[in-house]
There are 2 protein chains.
Amino acid sequence: MKRDSRLSGILHVLLHMAEQDGPVTSEMLATAMQTNPVVIRRIMGGLRDQGYVSSEKGHGGGWTLTCDLNAITLRDIYDAIGAPTLLAMSNRTEAPGCLVEQAVNAALVQAFNDAEALLLTRLGEVTLAQLSADFHTRLSQRGGKFDLETVHAS
Amino acid sequence: MKRDSRLSGILHVLLHMAEQDGPVTSEMLATAMQTNPVVIRRIMGGLRDQGYVSSEKGHGGGWTLTCDLNAITLRDIYDAIGAPTLLAMSNRTEAPGCLVEQAVNAALVQAFNDAEALLLTRLGEVTLAQLSADFHTRLSQRGGKFDLETVHAS
DNA sequence: GCTTCATGGAACATATCGAGTTACATGAAA
DNA sequence: TTTCATGTAACTCGATATGTTCCATGAAGC
């Protein structure tokens, strides 16, 4: 299975932005994330529409956080990127009239729904502020200084 | 996301096999599943290696169930097909040295693991015999007769 | 005004993987 | 020896996450 890492990536970006004073350009974020600026814009565009970040063109432009990290959960971000499929498995639906398929799918759907519900609940329990706090704990434990441009260099 | 329907498909096949007296050919199962015989063989090959089914070549050959449906859970079948990825999302690992990425992934991994564990537990709670019983309940409710060749026709 | 810098967005390329298909070999029964 | 069935390799196809190129738009600085 090809797996979606957008949620992980976007959280990474947002937390890096939280460490910056002014706007951050797609270029800087792309360097940090080791990807392409266009990929960053694509991801951020959805968040801007939800009001979580804003963008400015031209000199001194870039991306800025416009939300309270305490008020945003991972679930909110998940929803903001379009609530992509959580589970890698699905039911066959080639023969919906087949009673065997109905019995199989009924059992699987129940298990799948339970797992999805739990995952969404867990995501709703964690705020971006908590992630940021966790990051700062790790930072002070390691003792080094933080620099967006070089922290990903290795 | 492209989603994997192998588990659903193989359960469908096994329950159809349970309704047959003698061996069932890949051809018959493929017709029932509206797919290709080779796809059936590919799926069944893994199960044969696990001892859940056996195969015979030549005239009168085909696939036969060699396990007690009461003793096999959906979890067992899941394991037999190679325990494919359950979740459609993954963590970025492009910058494992980045403390931000570590904080993000730690939070996501916990949520993901909880959901996966619950799903596997649920799958382990359902036996193939229960699915078969559910099918027969549905069959008697509908009142029609069951025929492998025609039940998928519509 | 002109240049530079930045986002915005379309279009295209690439890599992966489930799924389907074709072709041929192996082996068992009639 | 003919027929039927599995066993397996190799190929195509489609979907999609991801990456890339190109140009338009607009804001800041000169």
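All values below were derived from every heavy atom in this structure, side-chain atoms included, with hydrogens, water molecules and symmetry-related copies excluded.
Relative to the side chain of B/Asn36, the nucleotides C/dA19, C/dT22, C/dA29 differ in distance, and C/dT22 lies closest. When distances are taken from the side chain of B/Val39 to each of D/dT18, D/dT25, C/dT21, the shortest belongs to C/dT21. Considering only side-chain atoms of B/Val38, the nucleotide from C/dT22, D/dT18, C/dA28 that sits closest is C/dT22. Taking every side-chain heavy atom of A/Trp63 into account, C/dG8 is the closest of C/dG8, C/dA19, D/dA17. For B/His59, whose side chain is taken as the heavy atoms from C-beta onward, the closest listed nucleotide among D/dT3, D/dG26, C/dC5 is D/dT3. In the set D/dT6, C/dA19, D/dG26, the nucleotide with an atom closest to the side chain of B/Arg41 is D/dT6. Comparing D/dT18, C/dT7, C/dA19 by their closest approach to the side chain of A/Ser5 singles out D/dT18.
Per the geometry, CE belonging to B/Met89 stands 10 Å off P belonging to D/dA17, to the nearest Å. A straight line from CE of B/Met44 to P of C/dA19 spans 16 Å, rounded to a whole angstrom. When the P atom of D/dG19 is taken as reference, atom CG of A/Asp4 falls 12 Å away, rounded to whole Å. In this structure, A/Arg3 places its CZ atom 23 Å from P of D/dA15, rounding to the nearest Å. The separation between B/Arg6 atom CZ and C/dC17 atom C1' is 9 Å, rounded to whole Å. A straight line from CD of A/Gln34 to C1' of D/dG19 spans 14 Å, rounded to a whole angstrom. Summarising the geometry, the separation between CD on A/Glu27 and C1' on D/dT20 is reported as 14 Å, rounded to the nearest angstrom. Between the P atom of C/dG18 and the CD1 atom of B/Ile10 lies a distance of 14 Å, rounded to the nearest Å.
For the pair A/Thr25 and C/dA6, the criterion of a side-chain N or O lying under 4.0 Å from OP1 or OP2 is not met. OP1 or OP2 of C/dG20 has at least one side-chain nitrogen or oxygen of B/Thr35 nearer than 4.0 Å. Distances shorter than 4.0 Å separate some side-chain N or O of B/Ser26 from OP1 or OP2 on D/dT6.
The hydrophobic cluster containing A/Val38 does not contain A/Val24, counting ILVMFWY residues as joined when their side-chain heavy atoms lie under 4.5 angstrom apart, directly or transitively.
Nearest approach of B/Met89 to A/Thr85, heavy atoms of both residues: CG-O, 4.1 Å.
Of the possible donor and acceptor atoms, none in the side chain of B/Asn113 sits under 3.5 Å from a partner among the backbone N and O of B/Gln110.
Nucleic acid contact for A/Gly60: none, since no nucleic acid atom lies under 4.0 Å from a heavy atom of the residue. Residue contacts for A/Arg42: at a heavy-atom cut-off of 4.0 Å it reaches a base atom on one of the strands shown.
When the shell of 6.0 Å around CD of A/Gln130 is examined, it contains more than 12 heavy atoms from other residues, nucleotides or ligands.
Side chain to side chain, A/Thr137 and A/Asp134 fail the donor-acceptor criterion of an N or O pair below 3.5 Å.
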